[in-house]
Amino acid sequence: MSSSNTFSLNQSGPTEFVFQVFTTSRKIQALLFCFFLLLYIMILCGNTAIIWAVYTNSSLRTPMYFFLSNLSFLEICYTTTVVPLMLSNIFGGQRPIPLAACAAQMFLFCSLGGTDCFLLTVMAYDRFVAICHPLHYTLIMTQKRCIQLVLVSLVLAVFLNLQLTTLVFNLPFCGHQLQINHFLCDVPPVLRLACGDTRVHQAVLFVVGIIALTIPFVLISISYIFIANAILHINSAEGRRRAFSTCSSHLCVVLLQYGCCTLVYMRPRSSTSEDEEWQLALVYTFVTPLLNPLIYTLRNKDIKDALKKSMSCKVLSETP
């Protein structure tokens with residue numbers, strides 16, 4: 001391997017990445033563009049509606065809805081790091097993305113995704129305290145502690161993924177334009193394009209996956225074991241139904257998010273198909289952020305009532 005065609009992030013060589021096109025058919029490109037654009041608009045509208053409902057209704061200013069609004073904000077940022085560039089590439093063919101821009105997208109995408117996973121763990125803890133220790137709930141889940149938990153989730157995710165992204169883009173990449181079999185600069189497909197030995201990087205990715213996926217999922221599972229036990233001991237059938245309803249929405253999002261991410265980041269490289277990776281990535285890039293507002297609004301009476309109240313107030317204020 002000659003040094004003349006090897007480039008890394010701190011070198012001046014014009015290494016660029018291009019994303020593999022979905023299809024060359026103009027009709028299918030138009031359909032895909034409209035489909036993904038519609039999903040993106042629905043994600044923006046749905047998650048924005050949750051944020052608006054929480055911050056315009058005093059009845060929803062509780063820790064549970066504070067975390068939910070932060071989760072919705074994360075989902076908006078999360079998809080926005082990927083979807084606009086993805087949409088431009090559907091019609092634009094193989095538009096190159098510079099190495100530094102690819103690194104920035106990877107860092108933002110992984111950091112926001114990691115924060116999402118940690119925040120889901122915090123939400124499980126919130127439900128655990130609310131159901132298992134209701135008398136101490138207001139003393140434990142204070143506004144200050146809620147803010148601290150969100151900040152810790154963000155800082156931990158940023159710290160882990162800054163190390164990972166820096167490590168990945170210190171690898172040598174050979175050639176001028178390298179094709180990524182994906183629609184975003186994710187860690188596994190970029191590692192496949194490196195010229196050097198990536199065993200250490202694969203090990204680091206696995207460790208980050210354990211910290212961001214396995215440990216939080218275990219903590220969530222433990223929380224729900226205690227929650228399920230507490231729900232079974234509730235005497236009122238209505239109380240059991242309400243407690244289960246607030247937890248089942250969160251559990252649906254957890255299973256989908258952690259399941260897809262684990263299949264992408266935690267499986268051995270030899271057993272992972274490149275096509276499977278980007279198909280699963282479509283799920284946690286589009287489906288999970290879309291299901292989040294749908295699950296929480298369709299299954300949560302408080303959110304639905306708050307949205308109806310906000311809409312009715314707006315209509316009345318605009319009526320002459």
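Since the model is a prediction, treat every value here as computed from it, not as a measurement. Because only heavy atoms are used, hydrogens play no part in the values below, and waters and symmetry mates are left out as well, while side chains stay in. Here, residue 1 is the first one in the sequence, and each next residue gets the next number.
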Any chance you could measure [X], atom [atom1], to [Y], atom [atom2], to the nearest 0.5 Å?
X	Y	atom1	atom2	result
N47	L290	CG	CG	8.5 Å
D116	C77	CG	SG	11.0 Å
L99	L178	CG	CG	8.5 Å

Tell me whether [X] contacts the main-chain N or O of [Y] through its side chain, where contact means a donor paired with an acceptor under 3.5 Å.
X	Y	value
T121	C117	yes
D197	R199	yes
T165	L162	no
H201	L167	yes
Q105	T81	yes
N70	F66	yes

Exercise for the section: Could you give me the CA-CA distance, side-chain angles and deciding distance for L171 and C195, then say whether side chain to side chain contact (heavy atoms under 4.5 Å, CB included) is met? Expected result: CA-CA 7 Å; L171 280 166; C195 297; over 6 Å; no
Smallest separation among heavy atoms of [X] and [Y], with atom names:
X	Y	value
I43	T285	CD1-O, 4.2 Å
F118	L156	CZ-CD2, 3.6 Å
T79	P84	O-CD, 4.0 Å
L191	Q202	CD1-NE2, 3.6 Å
P289	E75	CG-OE1, 3.5 Å

Once you measure the plane-to-plane angle for [X] and [Y], does it fall in the parallel (<30°), tilted (30-60°) or perpendicular (>60°) bin?
X	Y	answer
F169	F173	tilted
Y284	Y78	tilted
F286	F183	tilted

[X] and [Y]: side-chain donor and acceptor closer than 3.5 Å?
X	Y	value
Q148	R145	no
Y40	T80	yes
Y137	D126	yes

Determine whether [X] and [Y] fall in the same hydrophobic cluster, where Ile, Leu, Val, Met, Phe, Trp and Tyr are linked whenever their side-chain heavy atoms lie under 4.5 Å apart.
X	Y	answer
L256	L112	yes
V152	M64	no
L108	L85	no
L151	M141	yes

Problem - Neighbour count above 12 (heavy atom, 6.0 Å) for F159 CZ - result: no
Exercise for the section: Output, in order, the C-alpha distance, side-chain angles, deciding distance and verdict of side chain to side chain contact (heavy atoms under 4.5 Å, CB included) for H136 and V129. Expected result: CA-CA 8 Å; H136 299 94; V129 176; 5.9 Å; no
Problem - Separation of SG atoms, C102 and C185, below 2.5 Å - result: yes
Exercise for the section: Check the pair F35, L31 against side chain to side chain contact (heavy atoms under 4.5 Å, CB included), reporting the backbone distance first and the verdict last. Expected result: CA-CA 6 Å; F35 176 67; L31 288 174; over 6 Å; no
